[in-house]
Amino acid sequence: MSPYAAGRRSVHRSVAAGVPLALVAALTVAGTAVGAPSGEARVTGSATLGDIPLGTFSNALLPGTVGDDRGVDLGGIGSDIYPAGRKGEFWTVTDRGPNGQIKVAGEKRRTFPVPGFDPAIVKIRVSGGTVKVLDAIPITTSSGKPVTGLSNQKGRDEAPYSYDASTPLSYNPNGLDTEGIVRAEDDSFWLVDEYGPSLIHVSARGEILTRYVPKGLGLTGADYRVVEALPAVLLHRKINRGFEGLAQLPGGDLVMAVQSPLSLPDTDAGEESLTTRLLRFSTKKRAVTAEYAYRFDPVSVVDPSEDDTSELKISSVVAVGRDRLLVEERTDKSARLQVVKLTRGADILGEKWDNDTTSPSLEQLDDPAASGVPVLRKRLVVDLGTVKGVPGKIEGVARVDHDTLALINDNDFGMTDGPEAFDAQGRLVDSGIETTVTYVRLPRGI
């Protein structure tokens, strides 16, 4: 156990045949339904993950990876949620680990308080008011080493610093900021990443088989196979806003969502745009086969308390039919779920909008449809901002049945930005935000 775990709940280790070490912990909270008028979406249950020291969690999977967890508990598993087959069981995935921002001399620095942390696939069970960790699979390179969550490329990704932003850390071409997750029929996993942005194929044991990145990325030095198979226009992704949503269609194709509009032709255009992109990837052809323009609602519609368009994000996409997707539009405070149908007529792959010299760019168009762009039509399923009991920063959505969704939030490992995130001894001042799985029933289904 981490020497800094005093006062935090201990974690019991167990071994399952043929799978990595499982870690089990639970904290029981109220799991009662939140009342709502008949005919409206309502929360029918809520469960919270207990305190698991991050050092204990990481070192049980890959011994020696974390020497000092700075008082941070396991969190961040709310990057996505995917049904694991049995009732109440789900696959989740962490992001790159505890990270924050501290302003130094007028510039924000990206901090990594636990730089040895290795992103992991985590299997959980929701029972009553409890979230239990059933199993955890570390994501590793071809030689079995941790990938870490550190930035990949100097000049493209944010420079990594220590917890107090005083000491530069080394870039790591293996590093991943993992987000969406699905599981294939052969028990392997597909993940997406915000750095590349990337689509990553991972074995059942967590070894990276292939990382698919945009053409022209030029990522070198990785200890796994890297293939430039995605459109080069994705090189213009906003920093820390690559792929976040991932869905698996019934036929096996994958759909990836770019979290925010691309910075085309520049940062200002991306910050003001309401148009982002979805990409369809054939796991048989190992290639992108379609691309779609997706139009956000105005930010004031998604979140009445927000007026900054750049706060809009797609964090989750879920297959709800052969070519139908549930798409989550959100800010950190609120979210709305829309249904779209992926039609052949809406495919813009290879058209002028993939050329970064096109002017105006897709992102600059105030009305893409008026300019001949086949924007995906959407239908609102539920405004989660109006559903009492739904926490903020929902990043994962899973379909439990025709009427019920499971939502999971990203608690950012209990971190906040700024120098106040850690005390004078370098220990985390926890935000108090917990990882929570919330069930929402939709009266009219999807």
Side-chain angles (χ1 to χ4, degrees), residues 16-20 22 61 77 79-95 118-125 134-142 144 147 176-194 196-213 222 224-227 229-230 242-257 278-290 315-327 342 395-401 406 408:
V19 297
L61 300 176
I77 67 171
S79 289
D80 204 5
I81 186 169
Y82 189 79
R86 294 184 178 181
K87 183 179 179 181
E89 294 186 4
F90 302 94
W91 292 104
T92 67
V93 63
T94 70
D95 57 22
D118 189 60
I121 295 166
V122 183
K123 188 177 185 181
I124 62 171
R125 176 186 293 147
L134 299 180
D135 197 12
I137 305 170
I139 301 172
T140 63
T141 68
S142 297
V147 297
L176 296 173
D177 187 1
T178 43
E179 296 293 343
I181 181 172
V182 300
R183 199 180 197 202
E185 291 184 356
D186 64 359
D187 292 340
S188 65
F189 297 92
W190 290 92
L191 311 171
V192 287
D193 151 79
E194 295 205 59
S198 316
L199 173 68
I200 307 141
H201 194 198
V202 178
S203 75
R205 295 186 177 183
E207 176 188 333
I208 294 179
L209 304 174
T210 308
R211 182 180 182 182
Y212 298 93
V213 300
Y224 47 68
R225 184 169 177 252
V226 178
V227 177
L230 308 181
F243 292 143
E244 187 154 281
L246 178 66
Q248 183 172 232
L249 298 173
D253 281 3
L254 304 173
V255 179
M256 304 164 283
L278 307 180
L279 290 98
R280 186 167 183 157
F281 184 90
S282 169
T283 55
K284 295 178 182 179
K285 298 178 180 179
R286 294 296 197 266
V288 173
T289 57
S315 281
S316 184
V317 287
V318 181
V320 291
R322 183 175 179 180
D323 291 299
R324 294 170 69 239
L325 283 181
L326 188 65
V327 180
L342 307 177
E395 289 198 4
V397 180
R399 191 181 190 186
V400 176
D401 55 39
I408 191 167

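Fair warning: this is a prediction, and the values are worked out from it, not measured in the lab.
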Closest contact, heavy atoms only, Ile137 versus Ala204: CD1-O, 3.5 Å
Sorted by chain and residue number, the side chain to side chain contact (heavy atoms under 4.5 Å, CB included) partners of Lys284 (sequence neighbours excluded) come out as Ser282
Rounding to 0.5 Å, atoms CZ (Phe243) and CD1 (Ile200) come to a distance of 10.0 Å
Nearest-0.5 Å distance that lies between atom OG in Ser142 and atom CG in Leu209: 8.0 Å
Distance, nearest 0.5 Å, that separates CD of Glu179 from OG of Ser316: 10.5 Å
For Asp177, enumerate each residue passing the salt bridge (Lys or Arg N to Asp or Glu O under 4.0 Å) test, keeping only those at least two apart in sequence or located in another chain. Arg96
Checking side chain to side chain contact (heavy atoms under 4.5 Å, CB included) for the pair Thr92/Ile408: CA distance, chi angles, key distance, verdict? CA-CA 9 Å; Thr92 67; Ile408 191 167; 4.1 Å; yes
Any donor and acceptor pair, going by atom type alone, linking the side chain of Ser203 with main-chain N or O of Ser188 inside 3.5 Å? no
Counting C-beta onward and ignoring hydrogens, is there a side-chain heavy-atom pair between Val255 and Leu342 closer than 4.5 Å? yes
What's the separation between atom CD1 in Ile121 and atom OG in Ser79, rounded to the nearest 0.5 Å? 12.0 Å
Name every donor-acceptor pair, under 3.5 Å, that has one atom in a side chain of residues 80-87 and the other anywhere in the protein, sequence neighbours excluded.
| unit_1 | atom_1 | unit_2 | atom_2 | d |
| --- | --- | --- | --- | --- |
| Asp80 | OD2 | Ile181 | N | 2.9 |
| Tyr82 | OH | Gln248 | NE2 | 2.9 |

Assess the residue pair Asp193 and Leu191 against the criterion (side chain to side chain contact (heavy atoms under 4.5 Å, CB included)); give the C-alpha distance rounded to whole Å, side-chain angles, the decisive distance to 0.1 Å, and a yes or no. CA-CA 7 Å; Asp193 151 79; Leu191 311 171; over 6 Å; no
Applying side chain to side chain contact (heavy atoms under 4.5 Å, CB included), can you list everything that pairs with Arg322, at least two apart in sequence or on another chain? none
Could you check if a side-chain atom of Trp91 sits within less than 4.5 angstrom of a side-chain atom of Ile77, using non-hydrogen atoms only? no
CG-CD distance between Leu134 and Glu89, expressed to the nearest 0.5 angstrom: 5.0 Å
Report the residues that fulfil side chain to side chain contact (heavy atoms under 4.5 Å, CB included) with Thr140, sequence neighbours left out, ordered by chain and then residue number. Leu62, Pro138, Glu207
Under 4.5 Å between any side-chain heavy atoms of Val397 and Leu326, yes or no? yes
Thr141: what forms a side chain to side chain donor-acceptor pair (under 3.5 Å) with it, not counting sequence neighbours? Ser143, Asp223
Indicate yes or no: at least one non-hydrogen side-chain atom of Val213 is less than 4.5 angstrom from one of Val226. yes
Residues in salt bridge (Lys or Arg N to Asp or Glu O under 4.0 Å) contact with Asp186, at least two apart in sequence or another chain: none
May I ask you to test the Phe189-Val93 pair for a side-chain heavy-atom distance under 4.5 Å? no
Can you measure from OG1 (Thr210) to CG (Leu199) and round to the nearest 0.5 angstrom? 9.5 Å
Contacts of Asp95 meeting side chain to side chain donor-acceptor pair (under 3.5 Å) (sequence neighbours excluded), chain-then-number -> none
For the residue pair Trp190 and His201, categorise the inter-ring angle as parallel (less than 30°), tilted (30 to 60°) or perpendicular (more than 60°). parallel
Please identify each residue that fulfils ring-ring contact (aromatic ring centres under 6.0 Å, His included) with Tyr224, with sequence neighbours left out. none
Mark yes or no for whether Asp118, through its side chain, and Val147, through its backbone, hold a donor-acceptor pair below 3.5 Å. yes
Check whether the side chains of Thr289 and Arg280 place a donor and an acceptor atom closer than 3.5 Å, and report yes or no. no
With sequence neighbours excluded, what pairs up with Arg324 under the salt bridge (Lys or Arg N to Asp or Glu O under 4.0 Å) test? none
Quick one: side chain to side chain donor-acceptor pair (under 3.5 Å) partners of Asp401, sequence neighbours excluded? Thr404
Applying salt bridge (Lys or Arg N to Asp or Glu O under 4.0 Å), name anything that partners Glu244, two or more places apart in sequence or on another chain. Arg330
With a 4.5 Å heavy-atom cut-off, do Phe281 and Met256 have their side chains touching? yes
With the side chain counted from C-beta on, respond yes when Leu176 and Ile139 share a heavy-atom pair under 4.5 Å apart, and no when they do not. yes
Min side-chain heavy-atom separation Leu254-Leu246 under 4.5 Å: yes
